[in-house]
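Note sheet for the following structure.
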Amino acid sequence: MGKINILPAKVYNRIAAGEVVEKPYSVVKELVENAIDAGATEIEIEIEKGGKSFIRVTDNGHGIEREDMHAAFLPHATSKISKAEDLEGVLTLGFRGEAIASIASVSKMTIVSKTENGKCYRLSSNAGEIGELTETSGENGTQVTVENLFCNTPVRLDFLKTDKSEEADITTFVSRFILNRSDIAFTYYVNDKKVLQSFGEGEESALLCVYGASTLQNCYQIDAEKHGIRIRGYIGNQNFSKPNKSYQNVFLNGRYIVNATISAAISNVYKSYLMKRQYPFCVLHITVPTGIVDVNVHPNKADVRFADNNIVYGCIYSVLSAVLDGNSKALDYIVPTQSPMQDDVKSSEKTEKKSISQNILEMAAMTAEKEETSGSDSIFGFSSFTLEEARKEIENCKPKIVAPPVQREKGVTPLSEIGEYNPVEVADFSPRLPFLDKQKKRKKDPEKLHRKYPDLYFERKVLELRDSSCPQTTSENVEEDYFLANKKYLEELDEKNKQNRIDVSACTYAGKLFNTYLLYERDQDVYIIDQHAAHERLIFNRLKEKMQNRTVSRQPMLLPYELKLNAFEADFIRERMQEIREIGFEIEEDGETNFKILSIPYDLKDIDLSKFFNEILGDVSGYRAIKLEDILKDKLASAACKAAIKGGMDLTKEEIEELFRLMDGDMGLKCPHGRPVVVKMARTQLEKMFKRIV
Ligand code: ADP
Ligand code: MG
C-alpha cells in the first residue's frame with residue numbers, strides 16, 4: 001500500500017503558504033531535504049550552469065513505492081503527515097507536499113526510485129505534464145533530476161543571477177547541509193567536477209571538508225551546556241577572523257538559522273579581540289528546550305524567535321567568552337556522560353585541558369564529598385561522587401565561570417592586571433593546592449567552601465554587576481543577570497577600547513625594554529609601545545589602503561613564476577584575472593591550465609608565492625563563494641606581520657622616532673590580529689606597585 005497522502009484542504013490551509021520555488025538553490029534545498037527525510041546516509045548532488053540547466057540529487061534513502069510515484073508529483077501530496085494533529089509533532093524537514101509539484105511544474109523532472117523490496121521505477125513530467133510510469137534498473141533509493149528550470153516561466157528565468165552566482169548560492173547551501181548533517185556523506189559536483197565531498201564521519205571531518213585544515217587548526221572545539229541550552233561545535237580563536245559574516249554557521253535544533261540575538265552574542269564576545277570589519281568564524285550547533293524557542297513551522301525561514309532573548313544571549317555569550325578569555329578549549333563545560341573512573345584515559349585527557357582553577361574547584365568539591373561520606377583523606381577515591389555531582393556543587397557556588405589559568409611569580413603583580421587595556425580583571429590566584437589540606441565537613445555548604453578557600457573564587461567583572469535590589473542571584477533571575485551584566489561589561493569595554501589619539505608633541509621618549517617595548521612619557525602616564533605590533537599595524541593599513549585605492553606599485557620578477565594548476569583551479573583564476581591584476585599582480589595565461597606571474601605587488605615582494613596561491617586556491621576549492629579580495633586581506637595581514645620589524649630587534653633612535661611619528665599619536669591601535677599596540681600605565685599605578693601610595 002502506498003504511503004503518500006493527498007492532504008485535505010483543511011490541513012494544507014493550516015500550513016503557512018510556501019514560497020514558490022524561485023531559485024536553483026531552493027530546488028537543491030528541497031531535493032536534499034527530501035533525501036534526508038527519506039533517511040539517506042549518502043547523498044550526491046550534481047549541478048550544471050548554476051543549476052539552471054541541470055540539477056540532480058541521488059540518495060540511498062527508503063525510496064518511493066510504485067503506487068506513490070505518481071502521487072509524489074501532485075500538489076499537497078506528502079507521506080509525512082496525514083491529519084492536522086500531525087502538524088504538532090512534525091520532525092521531518094518537509095511536510096507540505098508542495099516542493100516536488102511546484103518544481104515539476106516549471107521544469108522537466110524525472111524521478112527514478114527503488115524501495116528495498118520493490119522494483120525500480122521511473123516517472124517524468126514535462127512542465128507539469130506527468131508521463132507514463134516505466135520500470136527501469138537502479139539502486140535502492142531515489143534520484144530526482146531537474147532539467148531546464150523555469151523553461152516555461154521566462155520572467156523567473158530573467159530574475160536569475162549569472163551561472164556563477166547561482167552556483168555560489170547552491171555551494172553555500174550544500175556546505176551548510178554538510179556542516180549540519182555531518183552524519184551523512186555528501187558529494188557535490190559542479191559541471192562534472194567534484195567540488196565538495198564529506199564522508200559522514202562527524203563534525204570535525206565535515207568542517208575539514210568545507211573549510212579546510214587551516215581553519216580547523218584555528219578553532220576551539222566546544223561542547224557546553226548551560227541552563228538546559230547545549231552549545232556544540234567550533235569557534236575560531238582570538239586571532240582568526242573572517243572578512244564577512246558568512247562564516248558564522250548557526251544551527252538551532254538541527255536547522256540552519258540566522259538570528260540577531262545569537263549574532264550579537266557572538267560578535268560581542270569577539271569584540272575585544274577582532275578589529276572593526278573583521279568577523280569571527282563559527283560552526284555552532286545549539287540545542288534549546290522547545291519551551292524557549294517559538295517553533296516556526298515554516299521551513300523556508302531562517303530566523304527563529306525566542307521566548308526570552310536574554311537567556312539565549314547570556315548563555316552563548318558566557319560560554320564563548322569563557323572559552324576565549326580563559327583560553328581553554330571549552331572542555332570546562334563538557335557534560336560528561338560517564339563517571340570519571342569509567343572513562344579513565346579520555347577523562348584524564350580532558351582534565352588536563354581544563355583550567356587549573358576549574359580542576360581545583362572540582363577536586364575540592366570531590367574531596368569534601370568524599371571526606372563527608374567516608375571519612376577518607378584520599379583525593380583519588382572519588383568514584384562515589386561523579387563529575388556531574390561535583391559540577392552541581394560548583395554551580396551552586398558563585399561565580400558560574402572560573403578563572404582562566406594564570407601563571408605568575410610570587411609577589412609580582414602582573415602588569416596585565418594594572419594596565420588599562422586589561423579587559424578582564426582576574427583576582428589573585430593562589431598556587432596553594434587546597435585539596436591537599438585535610439579539612440572535613442565542607443560538602444553541601446558552598447559558602448563554607450568559599451570562606452575556606454577565598455583564593456579559589458573570583459568574580460569576573462561581568463558577573464559582579466548585579467542589581468543591588470537582588471544581591472542574591474537565584475536560578476530564576478540568573479539569565480537576566482547575565483544579560484544585564486554582559487551589557488554593562490560590554491559598554492565598559494567599548495569605552496576602554498575607544499581610540500584615544502594624543503598630542504604627540506607632549507610625549508617624551510623614555511627608553512626601551514628588551515629591545516621590544518618603547519616607552520614614552522606624557523604628563524602622568526607612560527605609554528608602552530610594542531614595536532612589532534605597531535609596525536605591523538602601519539604596514540597593514542598601508543597595504544589595505546593601497547589595495548582599496550588600487551594604487552599598488554609592482555615589482556617585476558627576475559624570472560616569471562609559473563603557476564601550474566588543475567582545470568578547476570585554472571577556471572577560478574581565469575575568472576578573476578582582472579581582480580588579481582588590480583591587486584597588483586601581472587599575470588598571463590600560459591596554456592590551458594598554466595599561468596605566469598611576471599610581477600607582484602611591491603608590498604608583498606617577500607612573500608612565498610607558491611604558498612600564497614595555494615592558500616587562495618585552497619580556500620577557493622573548499623568554498624567558492626569567497627571573494628578573492630577578502631582572501632587577500634587575510635593574506636595582507638600575514639604579509640604585514642612578516643615584513644614588520646620584530647620584537648627584540650635593536651632599532652636606532654631615528655627608526656624609533658620614525659615609527660612613533662607614523663603612529664601619529666593613535667594610542668588605540670591594535671595589530672592586525674587584534675592585540676593592543678600600546679598599553680597605557682598611569683604613574684599612580686606604578687606608585688601603588690611600590691607602595692608609595694595605597
Ligand atoms: P514533502 O517533503 O513536504 O512531503 P515534497 O513535494 O517535497 O513534499 O515530496 C512529496 C513526497 O514525495 C514526499 O512526502 C515523499 O513521500 C516523496 N519523496 C520525495 N522525494 C523523496 C526521496 N528522495 N525519497 C523518498 N521519498 C521522496
Ligand atoms: Mg520535501
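Worth saying up front: this structure is predicted, and the values here are computed from it rather than measured. Note that ligands are numbered from 1 as they come in the structure, with each ligand's atoms numbered from 1 the same way.
Among the atoms of Asn34, an N, O or S atom falls under 2.8 Å of the Mg ion (ligand 2).
Residues passing the ring-ring contact (aromatic ring centres under 6.0 Å, His included) test with Phe173 are Tyr25, sequence neighbours excluded. Glu48 meets the salt bridge (charged side-chain N to carboxylate O under 4.0 Å, His left out) test with no other residue; sequence neighbours excluded.
If you run side chain to side chain donor-acceptor pair (under 3.5 Å) between Asn60 and each of Thr41, Asn140, Thr142, only Thr41 comes through. Test Lys164, Lys23, Lys161 against Asp169 for side chain to side chain donor-acceptor pair (under 3.5 Å) and you get one pass: Lys161.
For ligand 1, the polar-atom distance check finds no N/O of Ala101 at less than 3.5 Å from any of the ligand's N/O atoms. Where the criterion is an N or O separation shorter than 3.5 Å, residue side chain and backbone included, Ala38 fails it with respect to ligand 1. For Asp37, no nitrogen or oxygen atom sits less than 3.5 Å from a nitrogen or oxygen atom of ligand 1, counting backbone and side chain alike. For ligand 1, the polar-atom distance check finds no N/O of Glu30 at less than 3.5 Å from any of the ligand's N/O atoms. In terms of polar-atom proximity, defined here as any N/O pair under 3.5 Å, His62 makes no such contact with ligand 1.
Close contacts between ligand 1 and Ala72 involve ligand atoms 12 (O) [criterion: under 4.0 Å to a heavy atom]. Near Ile64, meaning under 4.0 Å from one of its heavy atoms, ligand 1 places the atoms 18 (N), 25 (C), 26 (N), 27 (C). Less than 4.0 angstrom separates some heavy atom of Ala99 from each of these atoms of ligand 1: 6 (O), 7 (O). Less than 4.0 angstrom separates some heavy atom of Thr78 from each of these atoms of ligand 1: 1 (P), 4 (O), 14 (O).
Distances from ligand 1 to the non-hydrogen atoms of Gly63 include at least one value under 4.0 Å. Taking 4.0 Å as the cut-off, Glu98 counts as a neighbour of ligand 1 on heavy-atom distance.
For atom 21 (C) of ligand 1, the candidate residues are Asn34, Asn60, Thr115; the nearest heavy-atom contact is made by Asn34.
Residue Arg66 qualifies as open at atom CZ: its count of foreign heavy atoms under 6.0 Å is 12 or below. Crowding of Glu135 atom CD: a count of heavy atoms from other residues, nucleotides or ligands under 6.0 Å exceeding 12.
Taking the six-membered ring for Trp, Phe150 and Phe159 have ring centres at least 6.0 Å apart.
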Check: Where do Phe177 and Leu196 land on the side-chain contact (heavy atoms from CB on, under 4.5 Å) test, with the steps shown first?
Finding: CA-CA 11 Å; Phe177 274 121; Leu196 289 171; over 6 Å; no

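Contact annotation: for Val144 versus ligand 1, there are no heavy atoms closer than 4.0 Å. Within the 4.0 Å heavy-atom criterion, both parts of Ile100, backbone and side chain, lie near ligand 1.
The shortest non-hydrogen separation linking Arg56 to Thr58 is CG-OG1, 3.8 Å.
Between Tyr247 and Phe281, the two ring planes are tilted [angle within 30° to 60°].
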